[in-house]
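Report on one structure; see the data block that follows.
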Amino acid sequence: MDGVPEQASWPDDFLCPISLEVMTDPVILPSGHTFERRSIQRWLDGGHLTCPVTNLPLPPSPPLIPNHALRRLIAAVSPAAVSAEKLRAGECQGAAPTSPSSVLGLLRLAKSGAAGRREVLESGAVSALLQHAAAGDEAAAKAVVYLSLDGDDARVGLVADGAVDALCAAVSGGGAAAAHAATALTSLATVGVNKCTIGAYPSAIPALARLLRRGGARERREAATTLYELCKLPENRRRTVRAGAAPALVELAAAGSARAVEVLGLLAKNREGRHDLSRIPDIVPVLCSVAGSGNARAIDQALVVLNWICSESDELAMEAIKLGAFQLCEALVNDDNCKIAKNAVELVRTLEKA
C-alpha cells in the first residue's frame with residue numbers, strides 16, 4: 001500500500017489481531033473484537049470455534065458485522081492516528097508534536113456529529129489530542145469540547161484518560177486554547193462524579209481562578225461558567241474561595257456578568273465564602289447595582305448574596321441601606337418573578353434588624 005506508514009506506526013486498534021496488518025475490511029465478532037475479514041474467515045474456515053483473542057466459544061456460523069466506524073477512521077484520519085501512536089510510545093518527546101493538519105482532521109471528525117465523535121473516541125487518538133491541548137493547541141482543545149458532547153459515558157471516559165490534567169494545563173497556559181479548555185471542563189463537570197474528580201485536582205480550581213483574574217473577556221466568562229458548574233458541589237465552593245476567586249468574580253459581576261453573580265450566590269451558601277465576600281471592597285455597591293439593573297437571574301442572586309452578607313455584618317447592612325436597598329426591595333416585592341419577590345422580602349427583614 002503506497003504511502004501507508006510502517007505497521008509499527010499504527011495504533012494497535014487499527015491492526016488485525018491475527019495478521020498484525022492494518023485492516024481494510026474490519027469486522028466485529030460476537031466476542032466484541034475486531035478482525036480483518038479475510039483473516040477471521042480463514043480462522044473460522046479452519047474449524048476453529050473460539051475467538052482468537054479471548055479463546056471463548058463462538059456460536060455456530062458467527063456473524064461478521066462490518067466495523068464501519070473503524071474503517072472510515074483508518075481511511076480518513078490515519079495521519080493523526082499514526083501520530084497518536086508515536087506520542088503514546090514516547091517517540092515524539094523533545095520533537096515537534098502531531099502535525100496541525102492531523103489535529104484539524106480529528107477536529108473536523110469530532111464536529112461532524114455523533115458518529116464522527118465516536119470514531120475519534122474509539123480510535124486511540126484521544127491521548128494525542130489531550131497532549132496537544134495541554135500544549136496550548138486551540139484546535140485540540142476545541143476537539144475535546146466536541147468529544148465531551150457525546151454523553152456522560154464519554155465525559156467520564158475522557159476524565160479517566162487524563163483530560164483534567166491536560167485541560168488544566170491549557171487553562172494555565174492562557175491564550176486561545178484556555179477558553180476552549182474551560183468550556184471542556186464545564187462539559188465534563190456536568191457529570192456528578194466528575195465535579196468531585198475535577199475539584200479534587202490541586203491545579204484545577206486555582207487555574208480557573210487565575211484565568212478569572214488575568215484572562216480576556218471570553219476567558220473570564222468561560223472560567224466563571226466552569227466554576228458555576230463545579231460549585232454545585234459544596235466542597236468545591238470552599239476550594240474556590242481558598243483559590244482567591246471571589247474578588248475577580250465581584251469584578252466580573254460589576255462588568256455585567258450574570259454568571260459571576262450566580263457563582264457568588266453559591267459561594268455565599270458556605271460560611272467561609274460569606275466571610276470572604278464580606279471583606280471584598282465595593283461588594284455591596286456592586287450587588288445593589290446588579291439588583292437594580294441586571295437580568296432576572298442576576299437580580300435574584302444579587303439579592304441572595306446581599307441577604308447572606310448583611311445578615312452577618314451590620315456594617316454591610318447599613319451600607320446597603322445608605323445605597324437605597326430598602327427602596328430597591330420595595331420596587332421588587334411585587335415583581336412577577338416569585339423568587340425575586342421572595343428574596344426582596346427576606347432582604348428587607350434582614351436590613352430591618354441592622
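Values below: every heavy atom of this structure, side chains too, minus hydrogens, waters and symmetry copies.
- Hydrophobic clustering of Ile, Leu, Val, Met, Phe, Trp and Tyr side chains at less than 4.5 Å, counting indirect connections, keeps Val156 apart from Tyr201.
- For the pair Arg214 and Glu219, the salt-bridge criterion is not met [side-chain N within less than 4.0 Å of a carboxylate O].
- For the ring-ring contact (aromatic ring centres under 6.0 Å, His included) condition, the pairs that include at least one residue of residues 33-60, sequence neighbours left out, are Trp43-His48.
- Atom-to-atom distance recorded for Asp300:CG and Lys339:NZ is 4.5 Å, nearest 0.5 angstrom.
- Side-chain heavy atoms closer than 4.5 Å link hydrophobic residues (I, L, V, M, F, W, Y) into clusters, and following such links, possibly through other members, connects Leu303 to Ile321.
- Atoms SG and CD1, from Cys168 and Ile198 in turn, are 8.0 Å apart once rounded to the nearest 0.5 Å.
- Taken from OG1 in Thr226 to CG in Leu211, the straight-line distance is 8.5 Å, to the nearest 0.5 Å.
- Under the 4.5 Å side-chain criterion, counting only non-hydrogen atoms from C-beta, Val284 is in contact with Leu323.
- No side-chain donor-acceptor contact under 3.5 Å links Asn343 and Asn307.
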As a quick check of understanding, evaluate side-chain contact (heavy atoms from CB on, under 4.5 Å) for Glu315 and Glu319, giving each step before the final call. CA-CA 6 Å; Glu315 181 181 349; Glu319 182 180 2; 5.9 Å; no
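- Asp153 CG: 12 or fewer foreign heavy atoms inside a 6.0 Å radius.
- Across all their heavy atoms, Ala181 and Val171 have their closest contact at CB-CG2, 3.8 Å.
- Separating the CD1 atom in Ile40 from the CG atom in Asp25 is a distance of 12.5 Å, to the nearest 0.5 Å.
- At a threshold of 4.0 Å, the pair Arg259-Glu262 counts as salt-bridged, since one of the basic side-chain nitrogens sits closer than that to a carboxylate oxygen.
- Leu158 has its side chain out of reach of Asn194: every pair of non-hydrogen atoms, C-beta onward, lies at least 4.5 Å apart.
- Hydrophobic clustering of Ile, Leu, Val, Met, Phe, Trp and Tyr side chains at less than 4.5 Å, counting indirect connections, unites Leu266 with Ile283.
- For the pair Pro63/Pro30, a side-chain contact is recorded, criterion being any heavy-atom separation below 4.5 Å from C-beta on.
- Arg213 CZ: more than 12 foreign heavy atoms inside a 6.0 Å radius.
- Tracing side-chain contacts under 4.5 Å through hydrophobic residues (I, L, V, M, F, W, Y), one reaches Ile340 starting from Phe326; they form part of the same cluster.
- Leu267 has its side chain out of reach of Asp276: every pair of non-hydrogen atoms, C-beta onward, lies at least 4.5 Å apart.
- Side-chain contact between Leu129 and Val120 is present, with at least one heavy-atom pair separated by less than 4.5 Å.
- Looking at Glu222 and Thr183, their side chains do bring a donor and an acceptor atom within 3.5 Å of each other.
- Looking at every heavy atom in both residues, Ile309 comes nearest to Arg274 through CG2-O, 4.2 Å.
- Counting heavy atoms from C-beta on, the side chains of Asp282 and Val250 never come closer than 4.5 Å.
- Taken together through direct or relayed side-chain contacts under 4.5 Å among Ile, Leu, Val, Met, Phe, Trp and Tyr, Val304 and Val348 form parts of separate hydrophobic clusters.
- Summarising the geometry, atom CG belonging to Leu109 is positioned 12.0 Å from atom CZ belonging to Arg118; distances are rounded to the nearest 0.5 Å.
- At most 12 heavy atoms of other shown residues, nucleotides or ligands fall within 6.0 angstrom of atom NZ in Lys111.
- In this structure, Cys196 and Leu233 approach most closely via the heavy-atom pair CA-CD2, 3.7 Å.
- One distance of note links CZ of Arg297 with CD of Gln301; it measures 9.5 Å at 0.5 Å rounding.
- Using a 4.5 Å heavy-atom threshold, the side chains of Leu212 and Leu227 count as touching.
- Of all non-hydrogen atoms in Ala224 and Val263, the two that sit nearest each other are O-CG2, 3.4 Å.
- For Asp152 and Arg155, the salt-bridge test passes: some basic side-chain N is under 4.0 Å from an acidic carboxylate O.
- With respect to Glu272 and Arg237, no salt bridge is recorded, no charged nitrogen being found less than 4.0 Å from a carboxylate O.
- At least one side-chain heavy atom of Leu44 sits under 4.5 Å from a side-chain heavy atom of Leu64.
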